[in-house]
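First the structure, in the form of structure tokens, and then the observations on it.
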Amino acid sequence: MSHRARQLKVSSLARVEGEGALHVTVRDGVVERADLQIYEPPRFFEALLRGRSYTEPPDITARICGICPVAYQTSACNAIEDACGVRIDGAIRELRRLLYCGEWISSHALHIYLLHAPDFLGYPDAIALATDHREIVERGLLLKKAGNAILDLVGGRAIHPINVRVGGFYSAPDHARLDRLAQQLRPALDAAVATVRWVAGFDFPDLELEHELLAAHDPARYAIESGTSLRRSAGTGFEVDAFSNHIVEQQVPHSTALHASLDGGRYLTGPLARYTLNRAQLSPLASRLAAEAGLGGECRNPFRSIVVRAVETVYAVEEALRLIEAYRPPEPPYVVVPARDGVGHGVSEAPRGLLYHRYEIGADGLVRSATIVPPTAQNQAAIEDDLRQVVAANLELGDQPLTGLCERTIRNYDPCISCSTHFLDLTVERQ
Amino acid sequence: MDTPTLAVFKLASCDGCQLTVLDCEDELLALAGRVRIAHFLEATSAVEPGPYDVTLVEGSITTAADAERIRQLRAESKVLVAIGACATAGGIQALRNFGDVAEFASVVYARPDYIETLATSTAVADHVPVDFELRGCPIDKHQLLEVLTAFLAGRKPDLPDTSVCTECKRRGLTCVMVADGTPCLGPVTHAGCGALCPAYRRGCFGCFGPMTKPNVAALIPRLRAAGMSDGDVDRVFHTFNAASAGWSS
Ligand code: SF4
Ligand code: SF4
């Protein structure tokens with residue numbers, strides 16, 4: 001095997017959101033490079049937000065990603081309200097959390113059943129899986145539909161909800177409609193519990209990661225729609241408005257995307273980070289299921305992220321039911337947020353990781369500058385590091401199974417490549 | 001007869017329109033029984049080469065490579081359907097058409113010289129003939145199912161070509177402009193969403209793009225009377241369908 005160079009290439013990754021490719025080079029048994037190439041064309045959101053009214057980013061930034069539009073809408077609202085010195089609490093905040101739970105349920109169910117599970121079971125997709133196990137795929141679709149029902153009712157539609165505005169909502173649902181929603185969510189809770197037990201039985205490749213972990217934190221509950229601070233696995237964490245003091249995005253030579261670093265180091269956001277840093281705040285049922293599924297005090301195997309997603313889905317369905325139970329329609333459904341000259345920061349936990357927005361707004365109510373740091377940009381360095389480790393540990397595999405394993409490694413992160421606010425379309429030069 | 005093949009491709013976009021296919025939870029498995037999904041990267045790693053019977057394309061053309069790709073897709077597709085505001089009007093990313101793309105790139109990237117992109121974002125129909133354009137950002141799931149069933153049955157889709165106003169009337173909604181004085185683009189916006197925003201007491205902001213022959217000139221004074229400044233009027237037409245011919249007047 002001396003002086004043998006191996007090239008693994010996947011020119012278009014499947015079952016991820018957006019378009020990307022994979023390129024691994026191994027020379028003499030050493031992994032020379034492992035690139036997750038992003039060829040998603042740039043869409044320049046941060047540039048086109050300049051000069052828009054401060055009321056517009058929730059609608060505009062939703063269009064960054066069709067799978068997690070609520071995350072974009074919510075981080076945008078959080079940041080703009082922060083800039084204007086308004087804090088949203090009470091019934092409006094609870095409704096926002098309910099909407100976000102809908103996105104978690106829908107996005108997690110989509111990823112677990114339609115994008116990720118086929119990897120563990122050896123199928124190219126969920127439709128092929130359904131020919132052998134129709135009831136399983138139907139369970140996933142039921143769960144996804146329940147999440148979408150929340151998005152439809154509270155947000156107006158599942159993709160790019162129209163009911164979200166800075167300060168709250170255009171209108172709030174009444175009790176009768178939420179009661180009907182609750183009836184749909186109860187069977188979804190059973191489906192979510194069954195999902196944890198199902199995925200816990202998958203075969204997980206061994207891989208333990210050292211990446212630092214970062215997640216939003218709320219002292220009162222499992223952070224979803226906002227966080228009062230950021231928690232990290234090493235060190236004491238920091239306030240949301242100190243985000244850019246710690247997280248720096250850089251253009252790296254030989255890479256196709258901006259890589260974010262946390263105080264100069266590699267780090268990871270998303271389900272593994274949330275579970276490891278905030279698991280004490282999960283509900284009793286979700287905690288019990290996590291223990292039953294063998295997740296332990298922390299989870300550092302990215303292949304097990306599917307189990308964490310399933311546990312979080314249980315939490316989100318329960319939380320949605322609790323929020324509906326305690327619901328009082330906010331009257332009016334929004335707080336008036338007057339524009340003022342200022343800078344605001346906002347985070348929320350998108351299903352695939354931390355999403356940060358920063359806006360500078362003028363007294364005229366127009367956006368002067370916008371910065372958006374999506375989860376996949378933050379996780380990119382960690383994904384590539386995992387690829388190097390997975391390849392190094394499995395060099396004896398043939399090209400095809402090794403390539404398959406690399407694709408799975410990427411899908412562990414449910415990367416949303418379409419969030420091309422920050423990705424480069426750069427041709428990688430080869431010798 | 002062979003099972004017809006369905007392909008789904010994306011260009012510059014958010015994936016929301018193709019996700020609408022997967023959001024047909026009740027119909028997905030039935031649909032998969034009637035067509036063979038030959039290419040749909042978001043959903044399957046099994047990929048077949050063309051030709052395809054029906055191809056759905058999401059997203060706009062913003063790179064030279066995509067301009068080439070759409071020509072190839074046209075050649076490989078019996079029926080080509082452009083789905084969503086990106087594919088039918090250039091999408092939100094067409095705002096670059098009114099600015100300077102190099103300046104846009106310099107705002108977002110430290111090394112804008114690495115960025116390969118066209119100065120414009122354009123619709124699929126600006127490059128190749130399309131068989132049908134389905135509007136919306138995102139498209140409506142019921143309309144998508146109608147389009148798919150129609151083309152699979154070899155007929156033209158039966159979709160309304162009226163304004164959002166007519167959908168409001170059909171639903172019996174109170175007009176937000178008349179009752180609340182809320183500015184609304186409903187009178188000039190293509191039908192298809194089922195009058196979603198007015199149902200939530202919000203004015204339409206035009207995500208389905210212009211209807212056929214919209215009377216924009218008549219609406220603008222009403223928008224001003226409802227409190228929109230010149231800048232507001234300008235911006236509301238310059239969002240998800242900014243590059244659409246119907247509104248550019
Ligand atoms: S039209 Fe809208 S929903 Fe569809 S891909 Fe473009 S941005 Fe996404
Ligand atoms: S903006 Fe107009 S077209 Fe879009 S969902 Fe709202 S009412 Fe419908």
Side-chain angles (χ1 to χ4, degrees), chain A residues 12-19 40-48 50 52-53 56 59-60 63-67 69 110 114-115 118 124-128 130 134 137-138 141-142 144-145 148 156-160 162-163 165 170-171 250-251 258 407 416 418 420-422 424-427, chain B residues 10-20 22-23 25-26 28-29 32 37 40-47 59 62-63 65-66 91-93 95-96 99 101 103-111 114-117 121 137-138 140 193 196-197 199-202 205 207 231-232 235 239-240:
Chain A
S12 27
L13 288 163
R15 282 183 281 126
V16 296
E17 191 250 355
E19 300 221 305
E40 184 76 29
R43 294 168 76 212
F44 305 120
F45 278 91
E46 289 154 315
L48 57 84
R50 293 167 309 158
R52 305 298 300 205
S53 164
E56 293 180 77
D59 287 320
I60 292 179
R63 271 66 182 185
I64 292 173
C65 172
I67 295 189
L110 170 79
L114 268 48
L115 311 184
D125 52 58
I127 288 161
R134 193 174 175 104
V137 177
E138 280 177 346
L141 291 173
L142 176 144
K144 181 163 159 298
K145 197 175 159 187
N148 279 346
R157 72 181 161 201
I159 301 167
H160 306 331
I162 49 88
N163 192 27
R165 58 179 285 174
Y170 288 90
S171 67
Q250 274 172 329
Q251 222 159 306
L258 291 191
E407 287 184 79
C416 69
S418 280
S420 46
T421 49
H422 266 92
L424 293 178
D425 183 30
L426 142 78
T427 323
Chain B
K10 84 166 234 127
L11 308 164
S13 65
C14 81
D15 282 39
C17 288
Q18 52 173 327
L19 181 63
T20 307
L22 300 180
D23 271 359
E25 290 97 359
D26 293 328
L28 186 65
L29 294 179
I37 297 179
F40 186 3
L41 274 185
E42 171 143 0
T44 177
S45 49
V47 173
T62 61
T63 65
D66 279 349
I92 182 86
Q93 56 273 13
L95 287 176
R96 79 180 65 183
V101 78
E103 193 266 344
F104 270 34
S106 73
V107 170
V108 181
Y109 299 101
R111 289 289 308 272
Y114 284 1
I115 305 293
E116 254 179 50
T117 188
S121 166
C137 178
D140 175 78
C193 68
L196 260 186
C197 294
Y200 281 76
R201 304 220 73 70
R202 174 181 191 179
F205 52 97
C207 78
D232 295 337
R235 283 193 307 271
T239 314
F240 311 109

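Below, chains carry the letters A, B, ... as their sequence lines are ordered, and counting in each starts from 1. Hydrogens, waters and symmetry mates are skipped; everything else that's a heavy atom, side chains included, is used.
Rounding to the nearest 0.5 Å places CG of B:Leu19 at 4.0 Å from CD1 of A:Ile159. Note that CZ of A:Phe44 is 13.5 Å distant from CD1 of B:Ile92, once rounded to the nearest 0.5 Å.
A 4.5 Å side-chain heavy-atom check between B:Asp26 and A:Lys145 finds at least one atom pair inside the cut-off. Looking at B:Asp140 and A:Arg157, their side chains never come closer than 4.5 Å, going by heavy atoms from C-beta outward. The shortest distance between side-chain heavy atoms of B:Glu42 and A:Leu114 does not fall below 4.5 Å. Contact annotation: the side chain of A:Ile127 never approaches that of B:Thr44 to less than 4.5 Å [non-hydrogen atoms, C-beta and beyond]. Within the 4.5 Å cutoff, the side chain of B:Phe104 has heavy atoms near those of the A:Arg50 side chain. Counting heavy atoms from C-beta outward, A:Arg134 and B:Leu29 have side chains that approach closer than 4.5 Å. Taking 4.5 Å as the limit, every side-chain heavy atom of B:Ile37 sits out of range of all side-chain heavy atoms of A:Asp125. Annotation: side chain of B:Ser45 is in contact with side chain of A:Pro124 (closest heavy-atom distance under 4.5 Å).
Under the 3.5 Å distance criterion, with hydrogens and angles disregarded, a donor-acceptor pair is assigned to the side chains of A:Arg52 and B:Thr239.
In this structure, chain B has heavy atoms under 4.5 Å from both the backbone and the side chain of A:Leu48. Only the side chain of A:Leu110 comes within contact range of chain B, with heavy atoms under 4.5 Å apart. B:Cys17 does not touch chain A: none of its heavy atoms, backbone or side chain, sits under 4.5 Å away.
Legend: residues meeting side chain to side chain donor-acceptor pair (under 3.5 Å) with A:Glu407, ordered by chain and number and at least two apart, are absent. Remark: B:Arg96 engages B:Thr117 in a side chain to side chain donor-acceptor pair (under 3.5 Å) (not counting sequence neighbours).
Checking side-chain atoms of A:Arg43 against main-chain N and O of B:Ala12 turns up no donor-acceptor pair under 3.5 Å.
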